[in-house]
Amino acid sequence: MKPEHVNHNEEHRNEETAPEPVPPQGSGAKKEIVEWIKALVIAAVLVFIIRTFLFSPFIVDGPSMQPNFETGERVIVNKIIYDIRAPQRGEVVVFHVPEEGRDFIKRVIGVPGDKVKLEDDRLYINGTLVEEPYLKEAIEQAHSRGELYNTSENFPNMNVQNDIVPDNMILAFGDNRGNSKDSRSIGYVSMDELVGRADVIFWPVNQIKFIKQG
């Protein structure tokens with residue numbers, strides 16, 4: 001009996017042209033959904049980290065920081081800067097006020113060790129008259145009308161009689177000196193209550209700008 005002839009070339013050709021298995025219907029859509037879910041989870045984690053540790057939005061509420069900030073403006077608060085260094089005079093800060101159950105936005109006037117005196121529209125730090133460029137125009141306008149810009153309390157006063165800023169504290173006033181609930185009434189602000197520095201106005205869109213610090 002003759003041995004059976006095997007065509008190895010034909011077998012090789014059949015193996016090469018064998019159709020690839022077709023993936024089950026719907027597996028592509030499921031994979032895309034999984035990828036979207038992963039992307040959304042990563043985005044949510046990043047937002048959480050950024051808002052918790054780095055930056056946070058804050059809405060200005062009330063007239064206490066006029067003329068430099070208006071009610072409804074939204075600012076981005078830099079939450080990490082005061083983990084790196086201490087606040088400086090003239091910076092705009094957001095801080096917790098536990099007694100009020102809310103956050104305030106004010107300007108740093110004095111830092112630990114400063115001896116501060118506010119007398120009408122004149123601010124003295126350690127005995128030296130200090131210019132406040134962020135209020136220069138508003139003060140000049142009030143004076144041109146024969147009025148004081150600061151129509152509220154001076155500092156120190158009956159509420160806060162110590163004129164030297166204690167350790168781990170700041171003195172913070174609103175830019176609207178005639179209508180601001182600030183350190184003249186609530187006292188010194190603990191650095192432990194600081195949320196951060198207001199760095200950018202991002203809303204309304206036509207007001208987007210970096211905030212001048214002092």
Side-chain angles (χ1 to χ4, degrees), residues 50-70 73-118 121-136 138-139 150 152-157 159-177 180-202 209-214:
I50 289 170
R51 291 195 58 170
T52 303
F53 301 105
L54 301 178
F55 302 97
S56 175
F58 177 83
I59 302 175
V60 178
D61 182 18
S64 73
M65 286 298 285
Q66 292 174 344
N68 297 305
F69 298 84
E70 299 291 339
E73 287 182 337
R74 288 164 167 78
V75 302
I76 293 175
V77 179
N78 182 338
K79 300 176 72 174
I80 196 172
I81 187 168
Y82 297 137
D83 292 329
I84 300 170
R85 65 162 177 80
Q88 298 176 2
R89 296 189 206 105
E91 292 185 329
V92 178
V93 296
V94 173
F95 56 88
H96 300 304
V97 184
E99 298 79 9
E100 298 274 336
R102 59 194 177 108
D103 294 343
F104 280 11
I105 180 169
K106 305 293 175 186
R107 196 177 294 273
V108 178
I109 300 299
V111 296
D114 282 343
K115 182 181 176 69
V116 181
K117 180 180 180 181
L118 177 66
D121 293 333
R122 297 183 302 277
L123 176 66
Y124 298 89
I125 305 289
N126 301 321
T128 302
L129 182 63
V130 175
E131 292 282 338
E132 296 186 89
Y134 43 86
L135 294 183
K136 187 175 186 294
I139 290 174
N150 176 25
S152 186
E153 294 178 294
N154 289 325
F155 183 88
N157 53 48
N159 297 313
V160 186
Q161 298 180 29
N162 176 22
D163 62 354
I164 299 178
V165 183
D167 290 341
N168 200 43
M169 298 277 190
I170 61 168
L171 183 73
F173 294 164
D175 287 353
N176 187 353
R177 294 288 160 77
S180 173
K181 188 172 186 179
D182 51 38
S183 286
R184 291 172 292 175
S185 57
I186 67 172
Y188 294 105
V189 177
S190 170
M191 290 191 193
D192 295 336
E193 300 297 343
L194 286 174
V195 177
R197 186 179 74 180
D199 276 354
V200 179
I201 295 175
F202 71 92
K209 60 183 177 182
F210 287 100
I211 295 167
K212 292 182 179 179
Q213 307 293 340

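Everything numeric in this text was worked out from a predicted model, so none of it was measured.
- For the pair Asn168 and Pro112, the minimum side-chain heavy-atom distance is 4.5 Å or more.
- To the nearest 0.5 Å, atoms CD1 (Ile59) and CD1 (Ile105) are separated by 11.5 Å.
- The backbone N or O of Gly174 lies less than 3.5 Å from a partner atom in the side chain of Asp182, making a donor-acceptor pair.
- When side chains are defined from C-beta on, Ile109 does not count as touching Ser183, because their heavy atoms never get closer than 4.5 Å.
- Between atom CZ of residue Phe202 and atom NZ of residue Lys209 there is a gap of 14.5 Å, rounded to the nearest 0.5 Å.
- Checking side-chain atoms of Asn68 against main-chain N and O of Met65 turns up no donor-acceptor pair under 3.5 Å.
- The closest side-chain heavy-atom distance from Ile186 to Glu99 is not below 4.5 Å.
- Counting only heavy atoms from C-beta outward, the side chains of Asp175 and Ser180 never approach each other to under 4.5 Å.
- Taking the ring axis of Tyr82 as reference, the NZ or CZ atom of Arg197 does not stay both within 45° of it and closer than 6.0 Å to the ring centre.
- Checking each of Lys136, Glu131, Glu132 against Tyr134 for a side-chain hydrogen bond (donor to acceptor under 3.5 Å, both in side chains) leaves exactly one that passes, namely Glu132.
- Other residues, nucleotides and ligands contribute only 12 or fewer heavy atoms inside 6.0 Å of the CG atom of Asp61.
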Derivation and outcome, side chain to side chain contact (heavy atoms under 4.5 Å, CB included), residues Val97 and Lys181
CA-CA 11 Å; Val97 184; Lys181 188 172 186 179; over 6 Å; no
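- Glu91 contributes atom CD, which lies 11.0 Å from atom CD1 of Ile211 (distance to the nearest 0.5 angstrom).
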Applying side chain to side chain contact (heavy atoms under 4.5 Å, CB included) to Met191 and Ile170, what does each step give before you reach the verdict?
CA-CA 7 Å; Met191 290 191 193; Ile170 61 168; 4.0 Å; yes
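- The shortest distance between side-chain heavy atoms of Val116 and Asp163 does not fall below 4.5 Å.
- Interatomic distance, His96 NE2 to Leu194 CG, rounded to the nearest 0.5 Å: 9.0 Å.
- Exactly one of Arg184, Arg107, Lys106 qualifies for a side-chain contact (heavy atoms from CB on, under 4.5 Å) with Phe173. That residue is Arg184.
- Using a 4.5 Å heavy-atom threshold, the side chains of Asp199 and Gln213 count as touching.
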Starting from the C-alpha separation in whole Å, work towards a yes-or-no answer on side chain to side chain contact (heavy atoms under 4.5 Å, CB included) for Leu171 and Phe155.
CA-CA 10 Å; Leu171 183 73; Phe155 183 88; 3.6 Å; yes
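- Taking the side chain as every heavy atom from C-beta outward, Phe69 and Val92 approach each other to under 4.5 Å.
- In terms of heavy atoms, Pro63 sits closest to Asn176 at O-ND2, 3.0 Å.
- Annotation: side chain of Asn162 is in contact with side chain of Tyr188 (closest heavy-atom distance under 4.5 Å).
- Distance check: Asp103 CG to Glu193 CD gives 9.5 Å after rounding to the nearest 0.5 Å.
- The two residues Pro87 and Val111 have their closest heavy-atom pair at O-CG1, 3.5 Å.
- Between Arg89 and Asp114 there is a salt bridge, with a side-chain nitrogen of the basic residue lying less than 4.0 Å from a carboxylate oxygen of the acidic one.
- Distance check: Asn78 CG to Ile84 CD1 gives 7.5 Å after rounding to the nearest 0.5 Å.
- Within the 3.5 Å criterion, the main-chain N or O of Glu70 finds a donor-acceptor partner in the side chain of Glu73.
- In this structure, Asp121 contributes its side chain and Asn150 its backbone to a donor-acceptor pair below 3.5 Å.
- Closest of all the heavy-atom pairs between Lys79 and Asp83 is O-OD2, 3.8 Å.
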